[in-house]
Amino acid sequence: MPTTFFGWVGHLINAYGGLFLRGAAVTLLVAIVGTTVGFAIGLGVAVLRSIQEGPKAGMMRKVLVRAMKVLITVYIEVFRGTPMIVQAMVVYYGALQYLGLDLPALGAA
């Protein structure tokens, strides 16, 4: 067994280097997919929030636009108001309990 710090570092790299690289690849995958999906959702929310109801708009359109804005506001407050780890646990465990979906950990992420 190694007795120095750098000896331990070398030992850990030799023993677990492949696992570290695999973990880094999964982390990059989750980060890239999460950023892309988050950008798409954010862009859609921004576009929907910027819709103006003109004075000539019909009553149905005004009601629909206001309802969408209320739903978007609730969505934003829920996602901004809860920690990400809680959201991840709700998705991972809630999908199985309420929807009967056994998601893999990477799919839930």
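As a basis for the values below, the full set of heavy atoms in this structure was taken, side chains included, without hydrogen atoms, waters or symmetry mates.
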Please determine whether residues V90 and L96 belong to a single hydrophobic cluster, defined as Ile, Leu, Val, Met, Phe, Trp and Tyr linked transitively by side-chain heavy-atom distances below 4.5 Å. no
For L28, I'd like to know if atom CG has over 12 heavy atoms of other residues, nucleotides or ligands within 6.0 Å. yes
To the nearest 0.5 Å, tell me how far R22 CZ sits from T27 OG1. 11.5 Å
Value rounded to 0.5 Å, distance of CE in M84 from CZ in F79: 10.5 Å
Nearest heavy-atom contact between S50 and V47 is OG-O, 2.9 Å
Measuring from Y92:OH to D102:CG, what's the distance to the nearest 0.5 Å? 6.5 Å
Treat each ILVMFWY residue as a node, draw an edge where side-chain heavy atoms are under 4.5 Å apart, and state whether L48 and L71 are in one component. no
Would you please test R66 and V70 for side-chain contact (heavy atoms from CB on, under 4.5 Å) and show each step? CA-CA 6 Å; R66 286 186 185 158; V70 167; 5.6 Å; no
Please examine the side chains of R49 and I76, heavy atoms only from C-beta on, and report whether any two atoms are closer than 4.5 Å. yes
Are M68 and I41 co-members of a hydrophobic cluster defined by side-chain heavy atoms under 4.5 Å apart? yes
Closest contact, heavy atoms only, F20 versus L12: CE1-O, 4.3 Å
Starting from F6, can I reach I13 by hopping between I/L/V/M/F/W/Y residues whose side chains sit under 4.5 Å apart? yes
Show, in sequence, the C-alpha distance, side-chain angles and deciding distance for L29 and L106, and conclude whether the side-chain contact (heavy atoms from CB on, under 4.5 Å) test is met. CA-CA 9 Å; L29 175 68; L106 186 59; 4.0 Å; yes
What distance separates M1 CE from T3 OG1, expressed to the nearest 0.5 Å? 11.0 Å
Validation row: Q87, V91 side chains within 4.5 angstrom (heavy atoms): no
For residues V45 and I51: do they belong to one hydrophobic cluster (side chain heavy atoms under 4.5 Å, members Ile, Leu, Val, Met, Phe, Trp, Tyr)? yes
Looking at I32 and T36, what are the two nearest heavy atoms and their distance? O-OG1, 2.8 Å
